[in-house]
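Computation of the quantities below employed the complete heavy-atom set of this structure, encompassing side-chain atoms and omitting hydrogens, waters and symmetry-equivalent molecules.
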Amino acid sequence: MKSYTYFPGCSSEATAVGLDISTRAIAEVLGMELKELEDWNCCGSTPYGSLDETESIVIAARNLALAEKTGLDLVTPCSSCFVTLNKARIHMMEKPQLKEKVNAALSAANLEYKGTVKVRLLIEALMSDITTKQISGKVKKPLKGLKVAPYTGCQEVRPRFGFDHPENPVALDDIVTAVGADVVPYPSKCKCCGGSAVIAEEGLTLELMYRLLDDAAKNGAECIVTPCPLCQMNLDAYQGKVNAKYNTKFNLPVLFVTQLIGVAVGLKADQLGLKKNIVSPNKVLAKYL
Amino acid sequence: MGKTQSMNFVKEVSQVLGGEGVNLCMQCGTCTASCPSAHIWEYTPSEIIAMVRAEMRDEVLSSSSMWCCLSCYSCTVRCPRDVEPTNLFHALESLAVKHGYKPKNTSTPVMYKNFVKSIKKNGRVSEFQMMMGYYMSTNPFAALGMISVAWNLLSHGRMPLSAKKIKGKKDLDKIIKKLNEVRGAQ
């Protein structure tokens, strides 16, 4: 059993609650002990950094300082938390004066950031520490015949923090293969879904989502699998809006990769938060649940 | 040309976190070619960088361009000069906010402000409160177009209406206050 400090991220309490439920469920089966970081705050994400980068680093640093006390690697399933916390870490590593300023601020809450904590992505930990071999070994219901379009999204692999290829990521493909499903290759695999612009620039994001859904469907996918909370929310909750705008009939369930693994290792729909999915995955998963 | 300074905008940008790479750009256009939203930018990614280099401070900071960045980092991984355009665009956004520019034709700054407001209130983001704040400060009627999506999320238990406050909220306030004291003193 390997232990980690777990950083769920704000979306785990709302739009991506299914990611949190399924992450905790598969961690138990795969022998990962996830200890939730006590009283974590929002990482700041892109919006905070766009308004005030230094202040955003300070609020990210509170989490890093708290995590450091545990002596464990920090693991998050959220791509935005991963990028934001790592960006803060690297800025402070490269600019000692900034780190000093941040520590002066943290001292107001009796905290200190030393620079020792590692920030890791859940799927990187799955690949590096658990390995696909061990995942395969735990599979009780191979997802034989299920055609899956792996969608990594942007911030799991870009900018580079040492995990997977930034333009042709393969980790997700390896996981899909490890649970017995078929990988559907499609050209848009690494294109952006629009992210948080879905609120202020809905037209643009519906266009990007349409291209992705169309590409995955045309190449024969029965479902899309992603590790990213925002990609899942967009492609799942806005699929109806895409259909209305483009006069299409997409009905592609969008699963979290943790849900896919969960089904394969024999967990039930309730244990994986599958009822939280808006485009129902019941039909495509019926054979395996 | 500049609102408060002239002929040193490049220096000003390069001193903001994330803006350091502005001088490395060689105008190859890879960022624009890689950008999934370039077609809606007022000036394309490479144009806006050229405008910074040309000291067009007002035009850059009042533009909606950088607010169209989706933070997909495609340009950043492809840039042959390591300009890190994504971070540069965020640096331009933060400069625009700091100096009170309000770009037309984009409500992204309002969305970002409501996002940060939600963090400052509770220590975590409440997606519901952030959305409500956004629609109230832009166009409340536009929220009607969101009913189907909101209902999808609500009925699937993915949009709690109340927000959780972290225990260390006061600590977070103190940390931010202290940072601003330290910054003010410099």
More than 12 heavy atoms of other residues, nucleotides or ligands under 6.0 Å from NZ of Lys95(A): yes or no?
yes

Residue among Glu13(A), His91(A), Glu201(A), Glu207(A) with most heavy-atom pairs under 4.5 Å to chain B
Glu13(A)

Measure Asn110(A) against the heavy atoms of chain B and call it side chain, backbone, both or neither at under 4.5 Å.
neither

Counting heavy-atom pairs closer than 4.5 Å to chain A, which one of Met111(B), Glu127(B), His39(B) comes out on top?
Glu127(B)

Result for side chain to side chain contact (heavy atoms under 4.5 Å, CB included) between Thr106(B) and one of Cys68(B), Ser64(B), Ser65(B) points to Ser64(B)

Sort out for me which of Glu84(B), Met146(B), Lys98(B) touches chain A most, counting heavy-atom pairs under 4.5 Å.
Met146(B)

Are there residues of residues 167-175 of chain B whose heavy atoms fall under 4.5 Å of chain A's heavy atoms? If so, which?
Lys167(B), Gly168(B), Asp171(B), Leu172(B), Lys174(B), Ile175(B)

Choice from Asn87(B), Thr138(B), Leu92(B) maximising heavy atom contacts with chain A below 4.5 Å
Asn87(B)

Among the options Asn41(A), Thr15(A), Val17(A), pick out the one with the most heavy-atom pairs lying under 4.5 Å from chain B.
Thr15(A)

Between Glu55(A) and Tyr48(A), is the side-chain hydrogen bond (donor to acceptor under 3.5 Å, both in side chains) condition met? List the steps.
CA-CA 8 Å; Glu55(A) 209 172 281; Tyr48(A) 213 133; 2.6 Å; yes

May I ask you to decide if the ring planes of Tyr210(A) and Tyr246(A) are parallel, tilted or perpendicular, using 30° and 60° as cut-offs?
parallel

Between Thr258(A) and Ser22(A), is any side-chain donor less than 3.5 angstrom from a side-chain acceptor?
yes

Answer key: most heavy-atom pairs under 4.5 Å with chain A among Val97(B), Ile166(B), Leu70(B) is Ile166(B)

Leading residue by heavy atom contact count with chain A [cutoff under 4.5 Å; candidates His156(B), Met159(B), Lys178(B)]:
His156(B)

